[in-house]
Undergrad: 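Take this structure first; my questions come after.
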4 protein chains.
Amino acid sequence: MGAASSSVSKIAREAGVSPATIYVYYKNKVDLLVSTYIQIKQNFSPALLKDFNDQLPIRDIFKHVWFNMFEHITNNLEYFKFVEQFSNSPYSSLVNKEAVEQYFDPLSKVLQTGIEQKIIKNVHPDILKAFMYYPIAVLANPSLCQDFELNAENIETAFTLAWDAIKR
Amino acid sequence: MGAASSSVSKIAREAGVSPATIYVYYKNKVDLLVSTYIQIKQNFSPALLKDFNDQLPIRDIFKHVWFNMFEHITNNLEYFKFVEQFSNSPYSSLVNKEAVEQYFDPLSKVLQTGIEQKIIKNVHPDILKAFMYYPIAVLANPSLCQDFELNAENIETAFTLAWDAIKR
Amino acid sequence: MGAASSSVSKIAREAGVSPATIYVYYKNKVDLLVSTYIQIKQNFSPALLKDFNDQLPIRDIFKHVWFNMFEHITNNLEYFKFVEQFSNSPYSSLVNKEAVEQYFDPLSKVLQTGIEQKIIKNVHPDILKAFMYYPIAVLANPSLCQDFELNAENIETAFTLAWDAIKR
Amino acid sequence: MGAASSSVSKIAREAGVSPATIYVYYKNKVDLLVSTYIQIKQNFSPALLKDFNDQLPIRDIFKHVWFNMFEHITNNLEYFKFVEQFSNSPYSSLVNKEAVEQYFDPLSKVLQTGIEQKIIKNVHPDILKAFMYYPIAVLANPSLCQDFELNAENIETAFTLAWDAIKR
DNA sequence: GATGAATGAGCCTTCATTCAT
DNA sequence: GATGAATGAAGGCTCATTCAT
């Protein structure tokens with residue numbers, strides 16, 4: 001069920017190598033999936049943080065990241081779908097979550113600062129993230145939102161809701 | 001990848017029947033999965049709409065549904081995970097989405113009313129749903145939010161953000 | 001290395017069934033090998049004990065069994081080779097040896113009686129068996145003894161040595 | 001099935017070289033196995049013939065060799081097991097048996113002499129060997145004789161049977 | 001001479017599915 | 001309607017072997 005549950009053979013074919021070659025680089029299929037997930041997550045980080053400027057007003061920082069994220073997801077939909085599926089699979093428990101989270105440290109710090117400056121609601125970070133990032137995952141996912149057009153206006157509107165959610 | 005990618009044999013064993021019996025009721029495995037998805041979605045509807053009262057203030061209606069949803073997901077985590085995985089799988093395109101959406105018509109109507117009464121932001125319904133429902137899916141999913149405690153206080157806090165997002 | 005290390009596919013082909021069918025009857029390859037070993041051992045027993053008569057003089061009893069064994073091995077060389085290989089493999093430790101030994105109880109009893117009647121040397125049973133049965137395994141195995149002809153005279157001669165070994 | 005059916009990779013790893021290096025010295029895996037078998041057999045010979053003295057009485061010569069063999073097998077169980085498995089495998093037919101036998105020529109000569117001096121039974125050499133050497137293989141093999149203790153007394157007792165078998 | 005990288009072939013096993021009963 | 005038995009196809013993985021370096 002799902003693209004990420006692709007077989008090793010298919011993954012190898014797409015990579016243009018023999019299935020056996022996969023096992024030269026990865027211990028087994030789980031290792032391949034976990035490594036790929038971590039790799040993709042690592043690549044997400046710089047994309048989100050492109051032109052990151054923590055001197056801007058907090059709202060602008062988030063808006064900037066929000067647009068980066070939309071762009072990156074849109075341009076890397078296959079990777080993004082893989083991440084979604086992986087996150088919902090039992091394998092996700094094999095990943096050292098803290099290590100992955102740290103790629104997004106700068107964002108956590110902005111959140112922290114926003115809370116301290118009483119700009120952002122002082123609630124559990126997971127709640128903030130659920131409103132700041134997850135709606136993007138839905139809206140940018142064509143199989144979930146077929147008739148939502150991903151133009152700048154709509155994305156900006158959506159950001160308004162995200163900001164209203166987290167701001168004090 | 002994932003609990004829902006169970007084999008027909010295992011599904012049959014859990015149901016206490018022979019694998020062959022499955023094929024008396026379903027054309028093939030895809031049919032089984034799709035039917036199960038629709039079935040679960042149908043069962044979601046009355047749970048969400050339990051004690052639904054469209055005479056209440058709009059905010060209270062949503063708050064009530066929001067709590068219903070948390071409770072139902074928490075008590076039916078396996079079904080919920082299946083739905084998440086299915087939604088992210090290629091099979092989801094085989095489902096007549098409008099038919100499924102209609103189970104949730106009463107909620108759409110409340111949204112509509114809220115917009116007309118200028119209580120809720122006049123934006124694409126998909127945007128509203130992305131903030132009204134999806135954050136629950138994240139927060140109620142233990143594998144995504146391990147250290148977020150699902151007590152009434154936290155859920156209420158989260159609702160505040162949801163409401164702030166969609167309200168005018 | 002060896003005929004018994006045949007693949008499941010080959011075993012299935014010889015049995016005229018699909019490899020998948022093997023797994024309807026056996027849990028896995030090890031189960032197949034162990035079950036086959038026990039089966040063959042069970043079939044050995046009645047062959048050795050054919051026309052067994054514990055009223056005869058002890059030497060005659062052994063001579064009779066000795067000839068039975070030669071005949072059975074010669075006529076079931078493939079099974080015998082499998083047993084030899086299996087015994088020398090790590091799988092052999094998975095077999096309940098006592099359960100298998102019990103098929104040959106009547107012979108153990110004859111040995112015991114012989115010892116009590118001071119006809120047979122009073123030594124560890126394993127030593128007796130090493131001279132009473134193992135030489136047959138060598139002599140009847142064409143790949144070990146190519147130029148030893150398995151005629152009645154040679155077998156009888158060999159028995160003389162076996163008997164001289166164990167008799168007092 | 002069996003320790004000797006190790007993979008080329010594992011054999012290389014144990015030898016501390018790359019699998020490819022194996023193919024510098026051996027044409028293929030069969031060549032490796034056959035060469036190893038012959039090598040081990042060659043090493044067996046001097047161990048058996050240690051302190052060989054053909055001036056001793058024939059019984060003493062055999063007793064001496066018998067003890068040498070027990071000691072060598074006990075100290076080189078892995079090699080011995082390999083030989084057992086190899087002998088029972090189809091590869092054994094690829095070995096020039098006479099060439100291997102010749103390493104044990106001195107023993108054959110003693111047998112010959114014993115026969116001529118009417119000390120040893122005048123029977124086919126294979127029969128003599130089946131009683132002179134094979135019982136050791138059984139008794140020294142822990143997986144075949146778990147509860148037979150390999151102390152000097154037991155070994156001496158076993159030798160008595162071997163000698164009674166072959167002596168006139 | 002030695003090896004890292006690569007792979008076709010094959011292995012054990014599971015799966016979705018069929019069909020006679 | 002229900003199922004036991006059977007299987008072709010495919011999956012994950014290992015292996016013996018090659019070859020460029």
Side-chain angles (χ1 to χ4, degrees), chain A residues 1-2 4-34 91, chain B residues 1-2 4-36 91, chain C residues 1-2 4-34 91, chain D residues 1-2 4-36 91:
Chain A
M1 192 150 139
S5 23
S6 200
S7 76
V8 172
S9 295
K10 282 179 198 154
I11 294 169
R13 207 177 304 135
E14 273 171 40
V17 297
S18 150
T21 306
I22 301 278
Y23 292 87
V24 175
Y25 297 95
Y26 301 95
K27 232 177 59 203
N28 51 37
K29 192 187 178 180
V30 172
D31 183 24
L32 165 63
L33 291 177
V34 171
Y91 302 142
Chain B
M1 189 152 144
S5 10
S6 202
S7 76
V8 172
S9 292
K10 283 176 195 155
I11 294 169
R13 207 176 306 136
E14 272 172 42
V17 298
S18 153
T21 308
I22 300 276
Y23 290 87
V24 176
Y25 295 94
Y26 301 98
K27 225 180 62 209
N28 52 34
K29 193 187 180 181
V30 171
D31 182 22
L32 165 63
L33 289 176
V34 171
S35 301
T36 304
Y91 302 143
Chain C
M1 190 152 141
S5 24
S6 199
S7 76
V8 172
S9 296
K10 283 178 199 155
I11 294 169
R13 206 176 307 134
E14 272 171 41
V17 297
S18 152
T21 306
I22 300 278
Y23 290 86
V24 175
Y25 297 95
Y26 301 96
K27 231 179 59 202
N28 51 37
K29 192 187 177 179
V30 172
D31 183 23
L32 164 63
L33 291 178
V34 170
Y91 301 143
Chain D
M1 188 152 144
S5 11
S6 202
S7 77
V8 172
S9 293
K10 283 176 197 156
I11 294 168
R13 206 178 306 136
E14 274 172 39
V17 298
S18 152
T21 307
I22 300 276
Y23 290 86
V24 176
Y25 296 94
Y26 302 97
K27 227 179 64 208
N28 52 35
K29 193 186 179 182
V30 172
D31 182 21
L32 165 62
L33 290 176
V34 170
S35 302
T36 303
Y91 302 141

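Predicted model, so just to flag it, every value in this text is computed and none were measured. Lettering follows sequence order; numbering is per chain, from 1. Below, all heavy atoms of this structure are taken into account, side chains as well, without hydrogens, waters or symmetry copies.
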Undergrad: Side chain of Ser18(C): nearest nucleotide among dT3(E), dA2(F), dT7(F)?
TA: dT7(F)
Undergrad: Whole angstrom is fine here: how far is it from OH in Tyr25(D) over to P in dA16(F)?
TA: 20 Å
Undergrad: Atom pairs, N/O to N/O, protein against nucleotides 10-14 of chain E, distance under 3.5 Å?
TA:
{"residue": "dC11(E)", "atom": "OP1", "partner": "Ser7(C)", "partner atom": "OG", "Å": "3.4"}
{"residue": "dC12(E)", "atom": "OP1", "partner": "Lys29(C)", "partner atom": "NZ", "Å": "2.5"}
{"residue": "dC12(E)", "atom": "OP2", "partner": "Val8(C)", "partner atom": "N", "Å": "2.6"}
{"residue": "dT13(E)", "atom": "OP2", "partner": "Tyr23(C)", "partner atom": "OH", "Å": "2.5"}
{"residue": "dT13(E)", "atom": "OP2", "partner": "Lys29(C)", "partner atom": "N", "Å": "2.7"}
{"residue": "dT13(E)", "atom": "O5'", "partner": "Tyr23(C)", "partner atom": "OH", "Å": "3.3"}

Undergrad: Tell me which of Thr21(C) and Thr21(B) sits closer to the 5' end of DNA chain F, going by the nucleotide each one is nearest to.
TA: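 Result: Thr21(B).
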Undergrad: Which whole-number value in Å describes the distance from Leu33(A) CG to dG12(F) C1'?
TA: 12 Å
Undergrad: As an exercise, state the distance from NZ of Lys29(B) to CG of Leu32(B), rounded to the nearest 0.5 Å.
TA: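 Reported value, rounded in 0.5 Å steps: 8.0 Å.
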Undergrad: Under 3.5 Å for both pairing distances: what stems, at least three Watson-Crick or G-U pairs long, include DNA chain E?
TA: E:2-21 with F:2-21
Undergrad: Of all residues at least two apart in sequence or in a different chain, which pass the side-chain contact (heavy atoms from CB on, under 4.5 Å) check with Lys10(B)?
TA: Ser6(B), Ser7(B), Arg13(B)
Undergrad: What's the CD1-C1' distance between Ile22(C) and dA5(F), to the nearest Å?
TA: 14 Å
Undergrad: Once you round to the nearest 0.5 Å, how far does CG of Asp31(D) lie from OH of Tyr25(D)?
TA: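 Going from CG on Asp31(D) over to OH on Tyr25(D), the span is 14.0 Å.
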Undergrad: Would you kindly give the OH-to-C1' distance between Tyr26(D) and dA2(E), to the nearest whole Å?
TA: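 Tyr26(D) atom OH is separated from dA2(E) atom C1' by 15 Å.
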Undergrad: Just jot down the side chain to side chain donor-acceptor pair (under 3.5 Å) partners of Ser18(B), sequence neighbours excluded, or say none.
TA: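 Scan of Ser18(B) (side chain to side chain donor-acceptor pair (under 3.5 Å), adjacent residues dropped) gives none.
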Undergrad: Kindly write out the residues that satisfy side-chain contact (heavy atoms from CB on, under 4.5 Å) with Val30(B), not counting sequence neighbours, or none if the list is empty.
TA: Asn28(B), Val34(B), Tyr91(B), Leu94(B)
